[in-house]
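This report refers to the structure that appears directly beneath it.
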Amino acid sequence: MRFGPTGISVTPAERYEGAAGNRWPVAIKPAPGELLSSWLHRLAYANGIPPHYFGALLGAPGQNWSARLDRALPDRILQFLGEHIHIPLEDIAALTIAPDPLARLRLPLRASPQQSCAPKTQATWLQFCPACLAEDETPYFRRGWSLATRVSCFRHGCRLRDRCPSCGQGLAPFSQKRLVPHQICAWCGAALCKRTRPAANGVRRLERLIDDLLRLHAAGHRMAEGRSLPDLLGSACFQFGKQRMSIARLPHRDRYHLLRQLTEGQSTPFGTRRSPAISYWKRVAQAAPAWSGLVTSFSDAVLPRPKAGPCSTTAGPHLADLVQAAARLHQQRQVP
């Protein structure tokens, strides 16, 4: 539109499609450790499409559409996303949990949101830290929250949730039909950011040890005799009421109670049945009280110890210090 001596003249502007091609108006960068489903929900919201309808646009209609893509992302959908946003395909594929060496310990995905969210005695497909969602500039859901062996937040030390604190239903952002962020419950519309209580120190130490062991497994450090660590942890059955279930089938409340029983030496829900899996769980629980973590163990081995003094204080190692120490070790190995 221009103002001239004779009045107002209107010149048609170039159509958006001609200027931008087939690119969508808004491209969202994935956050560190974000799940593919979380990124897809944020992408849909930023482009003005409720997640419930975004699945059909991608060619993935049906129940739990985004959670299913976490576990198996078809090439046609990957290529479709690559055509519409300025993000490398390998960065998009890296958001999935497939192929998954820890599949035995992932929280199960059920056929429909109602089945995955309704019974409070069953596990839901994803849990979350309310403190993380409250602090995130743009809230997102992490891959680590889909592990059954995680019951607290390593950053805040609080317990995770696996259900809305208001209505008690599990997460179903893929079913959201309104244009609201995914930290809002799709069932009742309440915020998911209500804080939880701190986790017990023994529980946090035990799950830290398990997390370090799983990291070593995923990095290729296998157990002897061809045994799989996730299979051992995931195949043990625990007695809750009249049912025997693996840890991945338990809701967060029961999983937290289980880890607390193990760390406090209470009567464990293993029953009288013996198996290699149960024996391994007991060994891990016994080792947890003395476990200081892989990062601390590495720093103690390679970083110089500070001199003790009456006013000295020791702080945790910085990541830059660890990287420099690793570089020095590598250089020393190169010297003949």
Side-chain angles (χ1 to χ4, degrees), residues 24-55 57-58 60 64-71 73 77-78 81 84-98 100 102 106-107 109 113 116-117 124-148 150-165 169-187 189-196 211 252:
W24 289 336
V26 182
I28 300 295
K29 291 185 178 180
E34 185 170 15
L35 265 174
L36 175 69
S37 56
S38 171
W39 175 72
L40 290 174
H41 301 153
R42 296 197 298 123
L43 182 64
Y45 176 77
N47 285 278
I49 305 175
H52 177 78
Y53 307 104
F54 195 61
L57 175 65
L58 296 180
N64 299 352
W65 67 268
S66 58
R68 287 189 282 109
L69 295 182
D70 284 335
R71 291 154 172 80
L73 178 62
I77 296 181
L78 178 61
L81 289 168
H84 289 82
I85 53 177
H86 292 278
I87 295 179
L89 296 183
E90 57 269 21
D91 291 350
I92 300 175
L95 301 178
T96 67
I97 51 177
D100 188 8
L102 309 181
R106 296 288 179 189
L107 295 171
L109 180 62
S116 64
C117 304
T124 62
W125 73 285
L126 185 64
Q127 51 195 354
F128 60 96
C129 171
C132 285
L133 295 182
E135 290 184 0
D136 288 341
E137 182 176 356
T138 302
Y140 66 96
F141 296 100
R142 281 75 163 164
R143 286 196 299 271
W145 293 347
S146 64
L147 282 173
R150 291 284 294 275
V151 296
S152 74
C153 176
F154 289 175
R155 175 185 174 91
H156 298 98
C158 60
R159 301 184 194 180
L160 301 180
R161 289 190 188 276
D162 62 350
R163 286 168 169 80
C164 171
Q169 296 291 337
L171 301 184
F174 35 69
S175 296
Q176 181 61 262
K177 296 182 179 180
R178 298 183 300 148
L179 201 58
V180 296
H182 62 183
Q183 70 270 25
I184 302 299
C185 177
W187 302 111
L192 302 175
C193 301
K194 184 179 180 180
R195 295 293 183 106
T196 56
D211 188 70
H252 175 273

Test your reading of the model: is there a side-chain donor-acceptor pair from [X] to the backbone of [Y], 3.5 Å cut-off?
| X | Y | answer |
| --- | --- | --- |
| H86 | A27 | no |
| W145 | D162 | no |
| R71 | A67 | yes |
| W24 | A44 | no |
| Q127 | A148 | no |
| D70 | S37 | yes |

Check step by step if side-chain contact (heavy atoms from CB on, under 4.5 Å) holds for L58 and L81.
-> CA-CA 8 Å; L58 296 180; L81 289 168; 3.7 Å; yes
Is there side-chain contact between [X] and [Y], with at least one heavy-atom pair below 4.5 Å?
| X | Y | result |
| --- | --- | --- |
| L133 | F128 | yes |
| H182 | F141 | yes |
| C132 | C153 | yes |
| Y140 | P32 | yes |
| R161 | L192 | no |
| S66 | L36 | no |
| C129 | R155 | no |
| W39 | I87 | yes |

Measuring from atom [atom1] of [X] to atom [atom2] of [Y], what distance do you get when rounded to the nearest 0.5 angstrom?
| X | Y | atom1 | atom2 | answer |
| --- | --- | --- | --- | --- |
| N47 | H84 | CG | NE2 | 10.5 Å |
| T138 | K29 | OG1 | NZ | 13.0 Å |
| L179 | K177 | CG | NZ | 15.0 Å |
| L126 | R106 | CG | CZ | 10.5 Å |
| F54 | I49 | CZ | CD1 | 5.5 Å |

Shortest non-hydrogen separation from [X] to [Y] and the atoms involved:
| X | Y | result |
| --- | --- | --- |
| L78 | A93 | CD1-N, 4.2 Å |
| P51 | P173 | CB-O, 3.3 Å |
| L109 | R68 | CD2-CG, 3.6 Å |
| A172 | A186 | O-CB, 3.2 Å |
| A60 | I77 | CB-CD1, 3.8 Å |

Considering residues at least two apart in sequence or located in another chain, which fulfil the salt bridge (charged side-chain N to carboxylate O under 4.0 Å, His left out) criterion with R159?
->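 Here no residue qualifies.
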Please, which pairs that meet salt bridge (Lys or Arg N to Asp or Glu O under 4.0 Å) have at least one residue in residues 35-44, sequence neighbours excluded?
->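 Pairs touching residues 35-44 that pass the test: E34-R42.
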Taking the inter-plane angle between the rings of H41 and W65 on a 0 to 90° scale, is it parallel (under 30°), tilted (30 to 60°) or perpendicular (over 60°)?
->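 Perpendicular, since the angle between the ring planes exceeds 60°.
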Residue among T96, L69, I97 satisfying side chain to side chain contact (heavy atoms under 4.5 Å, CB included) with L35 |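 Only match with L35 under side chain to side chain contact (heavy atoms under 4.5 Å, CB included): I97.
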Start with the C-alpha distance between T124 and L171, add both sets of side-chain angles, then the distance that settles side-chain contact (heavy atoms from CB on, under 4.5 Å), and finish with yes or no.
-> CA-CA 8 Å; T124 62; L171 301 184; over 6 Å; no
D100 and R143 ion-paired at < 4.0 Å =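 A salt bridge is absent here (no side-chain N lies under 4.0 Å from a carboxylate O).
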